[in-house]
Amino acid sequence: MWRVNRYFFSPQWNHLSRCSKRTILNRNLCAVKQKYDSLGSAGQFKPGDRIHGYTVNKVLSVPELFLVSVQLTHDKTGAQHLHIARDDSNNVFSVGFRTTPMDSTGVSHILEHTVLCGSQSYPVRDPFFKMLNRSLSTFMNAFTASDFTMYPFSTQNAKDFENLLSVYLDAAFFPHLREQDFRQEGWRLEPEDLSDPNSPIIFKGVVFNEMKGAMSTPESLFSYHAQRNLLPSHTYGNNSGGDPLCIPDLTWQQLKDFHASHYHPSNSRFYTYGDLPLESHLESIENKVLRHFDKISVTTDIPHEPRWTELREKHVTCPFDPMAANPEKQTAVGLHYLTGSTTDSFEALTMVILSSLLTSGPNSPFYQSLIAPNIGSGYCAGVGYDNSTKDASYTIGLQGINKEDYPMVVETIRNTFDKVIEEGFPSERIEAALHSIELATKHQSSNFGLGLIMGIMSMWNHDADPADFLPINDRVEMFKKKLEHGSFLQDKVKECFKDNPHCLTLVMNPDPEYEKDLNRKEQEKLHSKVSILSEEDKTMIYNKGIQLAEQQNASEDLSCLPRMTIEDIDPLIKPVTLEHYISAGVPVQYCEQPTNGISYFRAISSITDIPEELREYLPLFCYILTKMGAGHMNYMELDQLIKLRTGGMGLSTHITTHHSDLNGFEQGLEFSSHCLDRNLPHMFYLWSEIFARPTLNNPDLLRTLVNLLASDLAMSVSHSGHMYAMMLASSSLCPASGLVEQFGGLSQVLFMKNLAEMEDLTPVIEKFSTIAVQVLEGTQFRCAVNTTAEGREAVETALEGFCDSLPSSLYEESSHVKNPDFKPTAAKTHFEVPFPVNYISRCLPTVPYTHEDFPKLRILAKMLSANFLHREIREKGGAYGSGAKIGGGIFSFYSYRDPNFEETLSAFEHSVQWAAEGKFTEQDIEEAKISVLAQIDRPVSPSNRGMLYFTQGVTDDMRQKQKDQLFGVTREDLIHVARTYLASSDIPNSIAVLGPGNKITARDSSWTIRRESLT
């Protein structure tokens, strides 16, 4: 009823028509009734009940998670179904299949892509991507894991749920699997230039290019080699994503055969979650899919890995990491242990806790023995407990070490296990680990249902009872009882590690010839394919390429696809009630929310007065401030109290463009933490000590933290290259974007790389002291708290004590800095990195959030992404992803894991011409509106409500005005903004590319080529 009542107090209510008011009231009243009906009926089921062809197997209430789970089996096919009834309107569906490829051709991955390219009831080219713009979904995707493939979505709208359910079910069980879709998504031979049939024949394909990018980093290669060598006897010995050298061995027929043997209801696991009734889900799935199938014998079981009787060692190679701080220290070593079965829920909880105790934070034994001595740059890839395979595993090791040091690291690891077996773990560390579980259980997220299936799918896939993994409190109590025996954890360490011969020592060294050898092997593979082609074969390949291009360019009748309409969208935003007051001289934003006994704290401290020469140090200052110690606490003591009393205490840079002025921006540091209400005094005490007496003068610890941060940033470039490209391209277009790039872009990656190379960090410590005075003592400061009504008094008391201890001044009425003289300048930058694919961006300055043209540009970005760029860059070009977006006054084009360069830049340009000439339909406009409006209405967790206003100053009235404007965007509006902001020669635009060297930028003097500090 709350959802209904609030509309009567909204200023927009009076402006709605009587029909619209009636529609909103009926919709919300029905939603409330449906919610209570669905939750009530779920709890009334009992084992043995029959419903829509299913038999109920188990019903379980889990009070700590506020849910009821119902497990069923379909009588005719044996399909399994897990339903989670919960008071959550963000309903989730997923269907998963155990997929066990026995080679590295990427068959399961390519199949995941290809089933989404048209099906029996929806015979269009790519119904999945088309539905992104015809749906109000809060999530749509598909995943290929080592041993399963799943297709999840979530939405808050019942009609949309049924629409997406129909498309997903038809795609999974009745796909077309056409040859041209296999060639587009998987791999194909094709002339490099389709306009020239005599141009060289090369490999193309989305997954082929995706995996070239995915398998190009040392971290991904290390994880891949670890799994295939630790579990070599069955499916895990292969690359489920596909090895680029093996992908061209997959045939279209093999793809179809794999679907027939794996994508069957008898090999499926269905999942539904939320406040929609289970009965309707079962009826839909039965009618749309299951009635068409009979039960078959499933042959996808994965056997347990035969256990080794002696240790093994494997040496592999990888490319040099261009971002590594020390080129001489690029070896990685890991000890990989096969542990217990993933189907034992208590074993899984025990190993998660044990893993945290062994490696998490400076008090952990492996941090002390491996990280603190600065032997390497950080833990190796995949460190910790992994239960994603049939037999779980545990990894411990280091990366960024000297090649000759790996035996010493191995010995140190084994000695550390011996020490743990002898000494055990301090009780306060175990208490802190259990505290983190309690916090995680109580935390209310906006995508709980999706996270739940992601967490249990792997175990369920191996026939574990998913209900065993839901009642967390029962397993925690069992764990506590086991601890009473004293040596429980030490015995587990001895069993899993010291006495376990199934241990792989993996050593990976960089090879300067790695990329050259890989390219040679790819060319050999290509030659083996092309050399046997007759002229007739080449003609056929060319003709197939032309046919595929024609199909990609063809207009389609999409009337068969279900869709939401503008009328299905609530015209009103979901307002958030905020209170503002002053506590001990500090402005506070208070937001009462159902946070389940947790209080969330944020604060922003101004950095306006920080000297320019200190600004590049701010991200590192944020990283180290809560990790160095404070007051009488050293870094280990502080970390222990943070874990014992809070859910973490963090700090980050905060840069936002003013919502109404492109040259205005706010700059600051954002503090964040959360805790159980009972720990509020402890949390604010810790913040008080950090603000008043931070420890900054510890050179050895600072060296460790610099190495860790530099390593993390270096690894992020290949995974988020498109983000780095957008930051680089936009950095010269508005003041805020320049700071964002300085603090979080390639400039910061290189800055940290250079710091990691410094022998003496004393000058850095001196700079930190100056920064601390600026941001912790004499600064403007404001706070925000999200908590329950019951917790408010305790919050106010604790917060007032904290604010009273601050020497901060009140925030000024406007904390934004303005740079009225700033002039955007164009730039073209090629940042050369030895990746096999490109990350490309083109950016242009436009208008701020409240400008009347912003919603028009927002619609335009979505329309360009869905109706032009996807086709040209992904389908034709073979890039893994592409799109356009607007934010902070910058309009950005981007591509991700892109094999092309010039073609993609041309696609960006042609998309602007397409829009400026109005070559889009009214349906394109409406679908773009639906997609943008769905983003606005996405659920926000209780912890984050009100944060848009706190961090960016965007009010509910601004949000409502923009939503109203979005509904009213016209064809003429889109043409106007395309011509005014994107096609005009007067608007400076910048281009940035991260990728391998090419002849185009090398011979074009308009490009700046950056290679500095890469080796």
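None of the values given here were measured: they were computed from a predicted structure.
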Run the numbers on Ile353 and Leu434 for side chain to side chain contact (heavy atoms under 4.5 Å, CB included), then give the verdict.
CA-CA 8 Å; Ile353 294 174; Leu434 295 175; 4.0 Å; yes

Show your working on ring-ring contact (aromatic ring centres under 6.0 Å, His included) between His654 and Phe671 and close with a plain yes or no.
CA-CA 9 Å; His654 165 80; Phe671 303 78; over 10 Å; no

Does the pair Phe448 and Phe66 meet the rule for a ring-ring contact (aromatic ring centres under 6.0 Å, His included), with working shown?
CA-CA 11 Å; Phe448 178 88; Phe66 309 103; 9.1 Å; no

Set out, in order, the CA-CA distance, both residues' side-chain angles and the distance that settles side chain to side chain contact (heavy atoms under 4.5 Å, CB included) for Val764 and Leu620, then state yes or no.
CA-CA 10 Å; Val764 178; Leu620 177 59; 4.3 Å; yes

I would like to know whether Asn402 and Thr331 meet side chain to side chain contact (heavy atoms under 4.5 Å, CB included); could you show each step before the answer?
CA-CA 6 Å; Asn402 286 314; Thr331 291; over 6 Å; no

Please report the C-alpha distance between Phe691 and Val775 in whole Å, then the side-chain angles of each, then the deciding distance to 0.1 Å, and finally whether the side chain to side chain contact (heavy atoms under 4.5 Å, CB included) criterion is met.
CA-CA 9 Å; Phe691 271 72; Val775 300; over 6 Å; no

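Here the shortest heavy-atom pairing between Leu799 and Cys783 reads CD1-SG, 4.4 Å. Nearest approach of Ser345 to Phe469, heavy atoms of both residues: CA-CE2, 3.5 Å. Between Pro232 and Glu305, the shortest heavy-atom distance links the atoms CD-OE2, 2.9 Å. The two residues Tyr600 and His674 come nearest to each other via the heavy atoms CD2-CB, 3.4 Å.
Between the side chain of Ser711 and the main chain of Leu708, no donor-acceptor pair closer than 3.5 Å is present. Not one N or O on the side chain of Arg945 forms a donor-acceptor pair closer than 3.5 Å with the backbone of Gln593. Counting only distance, with no hydrogens or angles, the side chain of Asn944 and the backbone of Val940 share no donor-acceptor pair below 3.5 Å. A donor-acceptor pair under 3.5 Å is absent between the side-chain atoms of Ser355 and the main chain of Val352, judged by distance alone. Judged by distance alone, with hydrogens and angles left aside, the side-chain atoms of Tyr271 form a donor-acceptor pair with the main-chain N or O of Gly449 at under 3.5 Å. In this structure, the side chain of Arg98 engages the main chain of Asn461 through a donor-acceptor pair within 3.5 Å. Formation of a donor-acceptor pair under 3.5 Å by the Thr595 side chain with backbone atoms of Ile598 is found in this model. Here the side chain of Lys390 pairs a donor or acceptor atom with the backbone of Ile302 at under 3.5 angstrom. Between the side chain of Arg703 and the backbone N or O of Ala756 there is at least one donor-acceptor pair closer than 3.5 Å. Judged by distance alone, the side chain of Glu637 and the main-chain N or O of Asn634 form a donor-acceptor pair under 3.5 Å.
A donor-acceptor pair shorter than 3.5 Å cannot be found between the side chains of Ser943 and Asn786. Between Ser341 and Asp344, the side chains place no donor N or O within less than 3.5 Å of an acceptor N or O (distance only, hydrogens not considered). Side-chain N/O atoms of Asp465 and Gln71 include a donor and acceptor closer than 3.5 Å.
Side chains of Leu755 and Met752 form a contact here, defined as non-hydrogen atoms less than 4.5 Å apart. Contact check for Leu358 versus Phe417: side-chain heavy atoms found under the 4.5 Å cut-off. Proximity of Glu592 to Tyr590: side-chain heavy atoms (C-beta onward) are separated by under 4.5 Å at one or more points. Proximity of Phe497 to Leu335: side-chain heavy atoms (C-beta onward) are nowhere separated by under 4.5 Å. Using a 4.5 Å heavy-atom cutoff, the side chains of His435 and Leu676 are in contact. Here the side chains of Thr412 and Leu398 are not in contact, with every heavy-atom distance at 4.5 Å or above. In this structure, Pro152 and Met454 have side chains that are in contact, with non-hydrogen atoms separated by less than 4.5 Å. Using a 4.5 Å heavy-atom threshold, the side chains of Pro694 and Leu625 count as touching.
Heavy atoms from other residues, nucleotides or ligands lying under 6.0 Å from NZ of Lys329 number more than 12. In this structure, Lys494 places its NZ atom where only 12 or fewer heavy-atom neighbours from other residues, nucleotides or ligands lie under 6.0 Å away. A 6.0 Å sphere centred on CD of Glu423 holds more than 12 heavy atoms belonging to other residues, nucleotides or ligands.
Annotation: the span from Tyr394 atom OH to Tyr337 atom OH amounts to 9.5 Å, rounded to 0.5 Å. Here the OG1 atom belonging to Thr646 is positioned 11.0 Å from the CZ atom belonging to Phe684, to the nearest 0.5 angstrom. Leu470 contributes atom CG, which lies 9.0 Å from atom CD of Glu64 (distance to the nearest 0.5 angstrom). Here CG of Asn363 is found 7.0 Å from CD of Gln368. Values are rounded to the nearest 0.5 Å. The structure places NZ of Lys498 at 6.0 Å from CD1 of Ile421, a figure rounded to the nearest 0.5 Å. To the nearest 0.5 Å, the span separating SG on Cys496 from CG on Leu338 amounts to 10.0 Å.
A salt bridge links Lys480 with Glu477: at least one charged nitrogen is closer than 4.0 Å to a carboxylate oxygen. Asp463 has a carboxylate O that lies under 4.0 Å from a charged side-chain N of Arg269, or vice versa, which qualifies the two as a salt bridge. Salt bridge annotation for Arg414-Asp418: absent, with no cationic side-chain nitrogen under 4.0 angstrom from a carboxylate oxygen. Lys492 has a carboxylate O that lies under 4.0 Å from a charged side-chain N of Glu347, or vice versa, which qualifies the two as a salt bridge.
Between Phe601 and Phe802, the ring-plane angle classifies as perpendicular under the 30° and 60° cut-offs.
Each of Thr342, Asp391, Asp147, Thr389 was compared with His462 under the side chain to side chain donor-acceptor pair (under 3.5 Å) criterion, and only Asp147 meets it.
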Side chains of residues 369-388: which donor-acceptor partners sit under 3.5 Å, not counting sequence neighbours?
| from | atom 1 | to | atom 2 | distance (Å) |
| --- | --- | --- | --- | --- |
| Ser369 | OG | Pro365 | O | 3.2 |
| Ser369 | OG | Thr416 | OG1 | 2.9 |
| Asn374 | OD1 | Thr704 | N | 3.3 |
| Asn374 | OD1 | Thr704 | OG1 | 2.9 |
| Asn374 | OD1 | Asn707 | ND2 | 3.4 |
| Asn374 | ND2 | Thr704 | OG1 | 3.3 |
| Ser377 | OG | Gln399 | O | 3.3 |
| Tyr379 | OH | Thr359 | O | 3.0 |
| Tyr379 | OH | Tyr367 | N | 3.1 |
| Asp386 | OD1 | Ser388 | N | 2.9 |
| Asp386 | OD1 | Ser388 | OG | 2.7 |
| Asp386 | OD2 | Ser388 | OG | 3.3 |

